[in-house]
Structure formats: structure tokens, C-alpha cells
Amino acid sequence: MDNQLQTSERFKPPKTRRDFLGLLAAWSAIAAFVMAILGAFRLPMPSVFPESDSRAKLGKPKQFTVGAQTYFAKQRLWLYRDEAGFHALSSVCTHLGCIAERLDDGQFSCPCHGSKFDEAGRVKGGPAPKGLIWVELSVSPEGWLVADTLKEVTPGTKLLA
Ligand code: FES
């Protein structure tokens, strides 16, 4: 019986180059299939959490006096404090994403295609389809003023802090 098994064609090593390449192709196909299945199971798990970088501490509210207008280059936003509270305007142009420059009179001008925005971010001219985004502000449990650049609030919304 043992002898019969050893002499079976099935258990003999491949003899020809063609047999070897055939086995190699079969194992490669199996390995590719297994990797594809593993990849498909991994798809629902995000490897990047976009919100983790969208929140930024801007400082303690008392750091900003009434009338303060502060630019945060990394977050690309202007923080304003007036008698009614805090608000933040994104300086990212709503046309194609260039950074709109704030002019001396408080209005904004985009250097790329010439969009103009008033001091509240409303479109005054140019190709921009909508006004500058008012960014959500909140106060953290530790008392920090926090901006979330991925969250938009209705223009005119102020944070009392
Ligand atoms: S990107 Fe600002 S006007 Fe085009």
C-alpha cells in the first residue's frame, strides 16, 4: 500500500519546467485571491481619521480682547472677538481653495481668480460660488477655545465665552 502511494503520479515532484511554472502560477493565483479577501475585510476600517486634525486649540478665551482679529496660519482661519462673542472665518477660497488675503479694510481678496469677499465672508465678486466658511468654535472642558475646521456654522453664529 505504501509503495503504491509513493508511486502515484500525484505525489511525485514536478518533472518538467512546465509543471513547475504551472504550480507557481496556481500558488500565485491562490495568494492573490487570499490577499484580495483580506483587503476587502480591511476596507470598512478607516486608516485615516480626518477629524483628528481638524480640531485645534486657539488659546484661552481671555487671551483675546474685544476687537481682536487674529490669524491662525496653520488652520487658515481668522478669529474675531467682538462684543457679541467669538467667530472664526476660514480664509480658504470657496472657488478652488486658494488662500484669500485679508485686506486692510477687513475684506478678503483671492489672488488666484479674483474673488472678493466682505468682512463677514459674503461674496462680493468673482467666481466663488459661496461665501467664506464660518468655522465652528467651542470651549473645551479645560477651557480652551477650539476651532473645528471641518465643521461649518451658519454665518453670524457667535460663541459666547
Ligand atoms: S480660488 Fe479663489 S477665486 Fe479661484
Side-chain angles (χ1 to χ4, degrees), residues 21-22 24-161:
L21 292 175
L24 188 65
W27 280 109
S28 296
I30 291 169
F33 180 74
V34 168
M35 294 307 285
I37 294 294
L38 290 176
F41 279 113
R42 196 178 172 281
L43 276 179
M45 294 176 271
S47 54
V48 174
F49 296 96
E51 287 189 49
S52 60
D53 278 339
S54 69
R55 290 171 56 84
K57 290 179 189 171
L58 304 179
K60 298 278 186 178
K62 66 181 177 203
Q63 284 178 236
F64 307 97
T65 57
V66 172
Q69 302 176 357
T70 313
Y71 188 62
F72 292 85
K74 188 174 177 198
Q75 289 74 30
R76 298 173 181 162
L77 64 83
W78 280 92
L79 176 71
Y80 298 89
R81 182 174 193 180
D82 58 25
E83 298 80 19
F86 289 93
H87 71 277
L89 264 183
S90 170
S91 62
V92 177
C93 180
T94 54
H95 179 225
L96 291 177
C98 290
I99 303 304
E101 295 167 0
R102 189 164 171 270
L103 307 173
D104 290 341
D105 62 0
Q107 300 195 34
F108 295 86
S109 173
C110 182
C112 292
H113 310 101
S115 287
K116 307 267 184 249
F117 306 89
D118 70 10
E119 57 280 342
R122 292 178 289 252
V123 178
K124 301 282 283 182
K130 61 184 248 183
L132 297 177
I133 289 172
W134 284 52
V135 172
E136 182 185 89
L137 293 174
S138 60
V139 177
S140 73
E142 299 82 28
W144 292 94
L145 191 59
V146 175
D148 191 334
T149 54
L150 287 184
K151 292 189 178 165
E152 184 176 349
V153 295
T154 307
T157 304
K158 305 269 180 146
L159 173 75
L160 297 172

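Both counts, for ligands and for their atoms, begin at 1 and track the order of listing. Quantities reported herein were computed from a predicted structural model and do not represent experimental measurements.
Remark: the backbone N or O of Ile133 is not paired with any side-chain donor or acceptor of Ser90 at under 3.5 angstrom. Not one N or O on the side chain of Arg81 forms a donor-acceptor pair closer than 3.5 Å with the backbone of Val66.
Around atom 2 (Fe) of ligand 1, the protein N, O or S atoms closer than 2.8 Å are Cys93 SG, Cys110 SG, listed by chain and residue number.
With Gln75 as the fixed residue, the side-chain contact (heavy atoms from CB on, under 4.5 Å) test singles out one of Thr149, Val135, Asp148: Thr149.
Each ring-ring contact (aromatic ring centres under 6.0 Å, His included) pair with one or both residues in residues 133-154, not counting sequence neighbours, appears once here: His87-Trp134.
A salt bridge links Glu152 with Lys130: at least one charged nitrogen is closer than 4.0 Å to a carboxylate oxygen.
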- Task: Run the numbers on Arg102 and Gln69 for side chain to side chain donor-acceptor pair (under 3.5 Å), then give the verdict.
- Result: CA-CA 11 Å; Arg102 189 164 171 270; Gln69 302 176 357; 2.2 Å; yes
